[in-house]
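Treat the numbers as computed from the prediction; the structure is a model and nothing was measured. Below, chain A is the first sequence line, B the second, and so on; all start at residue 1. Values below: every heavy atom of this structure, side chains too, minus hydrogens, waters and symmetry copies.
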Protein chains: 2
Amino acid sequence: MLTIGTLAKKTGTKVQTIRYYEQIGLMPEPGRSQGGQRRYGLDELDRLSFVRHARQLGFSLDAIRELLDLSDHPEKSCAEADAIARRQLKQVEQRLARLEALRTELKRMVRECSGGQMSDCRVLEVLRDHSECLTDHQEIGA
Amino acid sequence: MLTIGTLAKKTGTKVQTIRYYEQIGLMPEPGRSQGGQRRYGLDELDRLSFVRHARQLGFSLDAIRELLDLSDHPEKSCAEADAIARRQLKQVEQRLARLEALRTELKRMVRECSGGQMSDCRVLEVLRDHSECLTDHQEIGA
DNA sequence: GCTTGCACCTACAGCGGCTAGAGGATGTAC
DNA sequence: GTACATCCTCTAGCCGCTGTAGGTGCAAGC
């Protein structure tokens with residue numbers, strides 16, 4: 001039987017995060033000691049490892065919830081899990097494309113900075129005038 | 001004189017976002033009509049355009065605040081603005097590197113999925129066992 | 001048995017960067 | 001003068017945690 005702190009260490013999670021996962025129903029309510037402290041078994045260790053690993057790969061908690069539901073039905077077809085992973089891959093590729101455009105723009109901005117006075121600063125100039133940009137980079141976020 | 005809605009349209013911002021920027025001190029308190037509605041001039045249009053463009057390039061609101069402060073002192077050296085941009089570039093490059101690692105892992109996961117039953121699903125298998133991964137992808141977020 | 005001191009408990013607030021909604025006032029075109 | 005879009009303030013919610021306050025449990029050393 002593991003305390004929440006031990007489980008946290010074993011999975012590289014913060015204690016509060018485990019309690020948060022319980023609160024939103026991602027982790028089950030565990031057994032308790034006589035004094036009311038949470039006690040975990042190996043099932044919970046596996047489940048939390050799964051969750052953490054999926055998080056590291058960028059899956060949302062909702063996607064993880066789906067994947068966990070799926071893994072409770074081993075007789076089902078693999079198609080749904082596959083679709084979730086493909087969706088995630090697509091998102092990652094979109095974010096990559098956008099970040100690459102940003103990198104290009106930022107590099108140019110920095111390269112052109114002559115190190116003079118603020119009034120001639122290319123950085124500020126480019127930020128002031130989007131038409132100087134080579135790419136669109138329309139979207140904000142992620 | 002522009003209404004908040006017109007300013008929003010011209011800059012591709014939501015009305016609420018403009019009020020939010022005012023609330024956190026990123027945009028100044030504008031003049032008001034007799035009835036109490038906000039009225040903006042060209043200065044505010046420029047400032048908001050600057051903010052939005054910097055946001056599109058991924059700068060945080062704090063970084064943008066610094067850049068705005070700097071651009072109010074045109075006699076200062078350009079070094080600080082340059083540093084902020086370089087910091088941003090570095091962040092973007094770090095995120096790129098991590099996303100590329102994720103893409104590799106996700107691609108492998110999806111490629112190896114044979115389309116059979118959930119019990120043989122490579123997607124779930126890889127998520128269950130981190131040791132199957134080629135990269136570390138330690139960090140969560142961004 | 002008793003104390004120390006860390007780990008645990010609940011409950012709630014806060015982060016960034018918005019976004020949405022309620023419920024009401026204003027402004028403008030006909 | 002009336003219809004209707006737009007504006008106002010205020011508050012709460014999104015994601016995925018993280019931190020804090022104020023209190024309790026537990027195990028080890030004496």
Rounded to 10°, the helix from C:dG1-D:dC30 to C:dC30-D:dG1 deviates from straight, judged by its five-pair end axes, by 10°

Can you list everything that forms a side chain to side chain donor-acceptor pair (under 3.5 Å) with B:Ser33? Sequence neighbours excluded, please. none

Residue mapping more 5' on DNA chain C - nearest nucleotide basis, B:Arg39 or B:Leu61: B:Leu61

Do any of residues 41-49 of chain B sit with a heavy atom less than 4.0 Å from DNA chain C, and if so which? none

Applying side chain to side chain contact (heavy atoms under 4.5 Å, CB included), can you list everything that pairs with B:Thr13, at least two apart in sequence or on another chain? B:Thr11, B:Thr17, B:Ile18, B:Leu48, B:Arg52

Ordered by number, residues from residues 18-37 of chain A within less than 4.0 Å of DNA chain C (heavy atoms) are A:Arg19, A:Arg32, A:Gly36, A:Gln37

Look at all strands and tell whether A:Arg65 reaches a base, only sugar-phosphate, or nothing, counting heavy atoms closer than 4.0 Å. nothing

Could you give all pairs that pass the salt bridge (charged side-chain N to carboxylate O under 4.0 Å, His left out) test and reach residues 110-127 of chain B, with sequence neighbours left out? B:Arg108-B:Glu112, B:Glu112-B:Arg122, B:Arg122-B:Glu125, B:Arg122-B:Glu132

Quick one: are B:Phe50 and B:Asp46 in side-chain contact, heavy atoms under 4.5 Å? no

5' to 3' contact window, DNA chain D with chain B (heavy-atom distance under 4.0 Å): D:dC7 to D:dT9

Quick test of your reading: applying side chain to side chain donor-acceptor pair (under 3.5 Å), list the pairs with at least one residue in residues 78-91 of chain B, sequence neighbours left out, ordered by first then second residue. B:Glu66-B:Arg87, B:Asp82-B:Arg86

Contacts of B:Pro74 meeting side chain to side chain contact (heavy atoms under 4.5 Å, CB included) (sequence neighbours excluded), chain-then-number -> A:Ser119

Is the shortest heavy-atom distance from the side chain of B:Lys76 to the side chain of A:Gln117 under 4.5 Å? no

Taking the side chain as everything from C-beta on, heavy atoms only, tell me whether B:Glu105 gets closer than 4.5 Å to B:Leu102. no

Should A:Val51 and A:Leu42 be regarded as members of a common hydrophobic cluster, given that ILVMFWY residues are connected when their side-chain heavy atoms come within less than 4.5 Å of each other, either directly or indirectly? yes

Pair A:Asp129-A:Ser131, side chain to side chain donor-acceptor pair (under 3.5 Å): steps then yes or no: CA-CA 5 Å; A:Asp129 188 359; A:Ser131 69; 2.7 Å; yes

Are the side chain of B:Arg47 and the backbone N or O of B:Leu26 linked by a donor-acceptor pair below 3.5 Å? yes

Take the angle between the ring planes of A:His53 and B:His137 and call it parallel below 30°, perpendicular above 60°, tilted in between. parallel

State, yes or no, whether a side-chain contact exists between B:Leu67 and B:Phe59 at a heavy-atom distance under 4.5 Å. yes

Pairs meeting criterion salt bridge (charged side-chain N to carboxylate O under 4.0 Å, His left out) with involvement of residues 12-32 of chain A, two or more places apart: A:Glu22-A:Arg38

Set of residues satisfying side chain to side chain donor-acceptor pair (under 3.5 Å) with respect to A:Ser77, sequence neighbours excluded: none

Within residues 4-15 of chain A, find the residues that approach DNA chain C with a heavy atom at under 4.0 Å, and present them sorted by residue number. A:Ile4, A:Gly5

